[in-house]
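Read the structure below first, then the notes.
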Amino acid sequence: MLVDASNALLTWYDAHKRDLPWRAVAEEIADPYRVWLSEIMLQQTMVAAVRPYFHRFTTLWPTVEDLAAADEAEVMKAWAGLGYYARARNLIACARAIVAQHGGRFPNSEAELLQLPGVGRYTAAAIAAIAFGRRAVVVDGNVERVVSRLFAVKEALPGAKNRIYDRTDAITPAHRSGDFAQAMMDLGATICVPKTPACGICPLHSFCAARAEGDPARYPIKAKKAERPTRIGHAYWLERGGEVLLVRRPAKGLLGNMLAFPSTEWTEAVPAGAAPARAPWEQAGSIDYVFTHFALTLHLHCAMTDDDGGDGIWWPVDMLEEAGLPTVFAKLIARGRAWRSDQRLGLRQDI
Ligand code: SF4
């Protein structure tokens, strides 16, 4: 049954696989650099969002050596907007490790891949299987959903992860395990979707326990999530002569090394102010943003100054889109600009 199921899936994949820019075409072997880059970008991120970033990165840095030699700030800037910025820092560290320790060639075993920065069990297995044709058990969110339905796994996630891994191992073929992994991902993305699985056209239809039970969408069963706490922060728009003050965030921690507006800590209690200069600060609204582990309300305070002070980088207001600010800070740009146009309007009225 298990062999029949994996054969049925591979036959379906040969006819219906998605056309993705990081995949090998025709008989070519997938390029490990492109497989690795795409897998890092796809963590917690939809394919449609990744496509333009993948194109940008492979245009700017076509090989792992190019990426290893890149300026870190340029890489962070190119990543801006994709979120989960630790991935970008690990990307650079990993590219440099591959050049320094492996002569610019990706290792092909899961054990060696796992030693690289930012490469966990899933990514190591995906690269080993897809780029090197090794038999490896590849379990991402899509695979987790398909397998939990195929076997009607009653245990709730995340506790069920090991059981789902073992089940995936049982159906992973010795040959074409990279294609098999990609077939499972494609099936999860296009047919065995979260809310309305299209069982009628599924190649695993006759093997699927959840479909036989009659309510496949109840799988995977998930443990109730803890509520996401809300944090509060203040950010500062300090403007001087058409430029606004940006600072580079500390290397360690959330959004590390990214350019941003100066801001306070983000805490559940109201944080103490941390304005970058003495100035006639005015409130200019707030934005809401949701991180994985907390929701943030960020209040913006704006002021004009003539002082030369302020540690950081003075950046032209009209070119802020090019600063590569992370999304949470990029959302403040419109508020800051609205505030400054109100200021100008006020000045004109005074005249
Ligand atoms: S039969 Fe339905 S539930 Fe089962 S794997 Fe296919 S789409 Fe998913």
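This is a predicted model, so every value here is computed, not measured.
- Salt bridge status for Arg149 with Asp215: absent, with no side-chain N to carboxylate O gap under 4.0 Å.
- Considering only heavy atoms from C-beta on, Met184 comes within 4.5 Å of Val147 through its side chain.
- Within the structure, ring pair (Phe, Tyr, Trp, His ring centres under 6.0 Å) pairs that include any residue of residues 157-191 do not occur (at least two apart or interchain).
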### Worked verdict on Arg18 versus Arg23 for side chain to side chain contact (heavy atoms under 4.5 Å, CB included)
CA-CA 9 Å; Arg18 288 179 294 173; Arg23 283 191 173 163; 3.9 Å; yes
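- By the 4.0 Å N-to-carboxylate-O rule, Arg176 lies close enough to Asp179 to be salt-bridged with it.
- Here the side chain of Asp66 pairs a donor or acceptor atom with the backbone of Thr63 at under 3.5 angstrom.
- Between Pro326 and Leu259, the shortest heavy-atom distance links the atoms CD-O, 3.2 Å.
- Sparse packing is recorded around CZ of Arg105, with 12 or fewer heavy atoms of other residues, nucleotides or ligands lying under 6.0 Å away.
- Both Tyr53 and Leu91 belong to a common hydrophobic cluster when Ile, Leu, Val, Met, Phe, Trp and Tyr are linked at side-chain heavy-atom distances under 4.5 angstrom.
- Glu213 has a carboxylate O that lies under 4.0 Å from a charged side-chain N of Arg218, or vice versa, which qualifies the two as a salt bridge.
- Closest of all the heavy-atom pairs between Ala217 and Pro194 is CB-O, 4.1 Å.
- The shortest heavy-atom contact between Leu113 and Ala128 is CD1-N, 3.9 Å.
- Residues Ile201 and Trp12 fail the side-chain proximity criterion, which asks for heavy atoms closer than 4.5 Å.
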#### Entry: Residues Lys161, Glu144; criterion salt bridge (charged side-chain N to carboxylate O under 4.0 Å, His left out); working and verdict
CA-CA 8 Å; Lys161 278 183 182 293; Glu144 221 162 57; 2.9 Å; yes
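- Linking Ile, Leu, Val, Met, Phe, Trp and Tyr whenever their side-chain heavy atoms come within less than 4.5 Å puts Leu60 and Phe54 in one cluster.
- Neither side chain, Asn90 nor Arg87, offers a donor N or O lying under 3.5 Å from an acceptor on the other.
- For Glu268, the CD atom counts as densely surrounded, since its 6.0 Å shell holds more than 12 non-hydrogen atoms of other residues, nucleotides or ligands.
- Minimum interatomic distance between Leu10 and Pro173 (heavy atoms only, all atoms of both residues): CD1-CG, 4.4 Å.
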### Message
One pair to check against side chain to side chain contact (heavy atoms under 4.5 Å, CB included): Leu300 and Cys302. What are the steps and the verdict?
### Response
CA-CA 7 Å; Leu300 183 65; Cys302 299; 3.8 Å; yes
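- Open room surrounds NZ on Lys252; 12 or fewer heavy atoms of other groups in view lie less than 6.0 Å from it.
- The local environment of CZ in Arg135 is crowded, with over 12 non-hydrogen atoms from other residues, nucleotides or ligands closer than 6.0 Å.
- Using a 4.5 Å cut-off between side-chain heavy atoms of Ile, Leu, Val, Met, Phe, Trp and Tyr, with links allowed through other members, Val247 and Tyr236 fall into different hydrophobic clusters.
- Cation-pi contact between Arg231 and Phe294: present, with separation from the ring centre below 6.0 Å and deviation from the ring axis of at most 45°.
- For the 3.5 Å distance criterion, the side chains of Tyr84 and Thr292 qualify, holding a donor opposite an acceptor.
- No side-chain donor from either of Gln43 and Tyr122 sits under 3.5 Å from a side-chain acceptor of the other.
- The 12-atom threshold is not exceeded at NE2 of His55, counting heavy atoms of other residues, nucleotides or ligands nearer than 6.0 Å.
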#### Entry: Test log, rule side chain to side chain contact (heavy atoms under 4.5 Å, CB included), inputs Arg145 and Tyr219
CA-CA 7 Å; Arg145 182 169 61 257; Tyr219 297 97; over 6 Å; no
### Query
What do the steps show when you test Arg240 against Met304 for side chain to side chain contact (heavy atoms under 4.5 Å, CB included), and what is the final call?
CA-CA 6 Å; Arg240 185 187 73 191; Met304 296 283 182; over 6 Å; no
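- In this structure, the side chain of Ser177 does not engage the main chain of Ala174 through any donor-acceptor pair within 3.5 Å.
- With contacts defined as side-chain heavy-atom distances shorter than 4.5 Å, the pair Thr172/Thr168 qualifies.
- Among all heavy-atom pairs drawn from Ser6 and Ile171, the shortest one is CB-O, 3.4 Å.
- In this structure the side chain of Trp281 reaches within 4.5 angstrom of the side chain of Leu238, judged on heavy atoms.
- Arg96 has its side chain out of reach of Val99: every pair of non-hydrogen atoms, C-beta onward, lies at least 4.5 Å apart.
- Closest of all the heavy-atom pairs between Pro216 and Arg211 is CB-N, 4.3 Å.
- Using a 4.5 Å heavy-atom threshold, the side chains of Val143 and Val138 count as separate.
- Here the two rings, on Phe291 and Trp266, have centers that are under 6.0 Å apart.
- Between Ile221 and Glu155 there is no side-chain heavy-atom pair separated by less than 4.5 Å.
- No side-chain N or O of Asn257 forms a donor-acceptor pair with one of Arg89 less than 3.5 Å apart.
- Using a 4.0 Å cut-off between charged nitrogen and carboxylate oxygen, Glu321 and Arg337 count as a salt-bridge pair.
- With respect to the salt-bridge test (charged N to carboxylate O, under 4.0 angstrom), the residues Glu110 and Arg134 do not qualify.
- Hydrophobic cluster membership is shared by Ile313 and Phe261, with clusters built from Ile, Leu, Val, Met, Phe, Trp and Tyr side chains linked at under 4.5 angstrom.
- Both Leu82 and Ile333 are part of a single hydrophobic cluster, where members link through side-chain heavy atoms under 4.5 Å apart.
- No side-chain donor-acceptor contact under 3.5 Å links Thr11 and Asp14.
- Legend: residues meeting ring pair (Phe, Tyr, Trp, His ring centres under 6.0 Å) with Phe106, ordered by chain and number and at least two apart, are Trp36.
- Judged by a 6.0 Å distance limit and a 45° cone about the ring axis, Arg335 is not positioned over the six-membered ring of Trp237.
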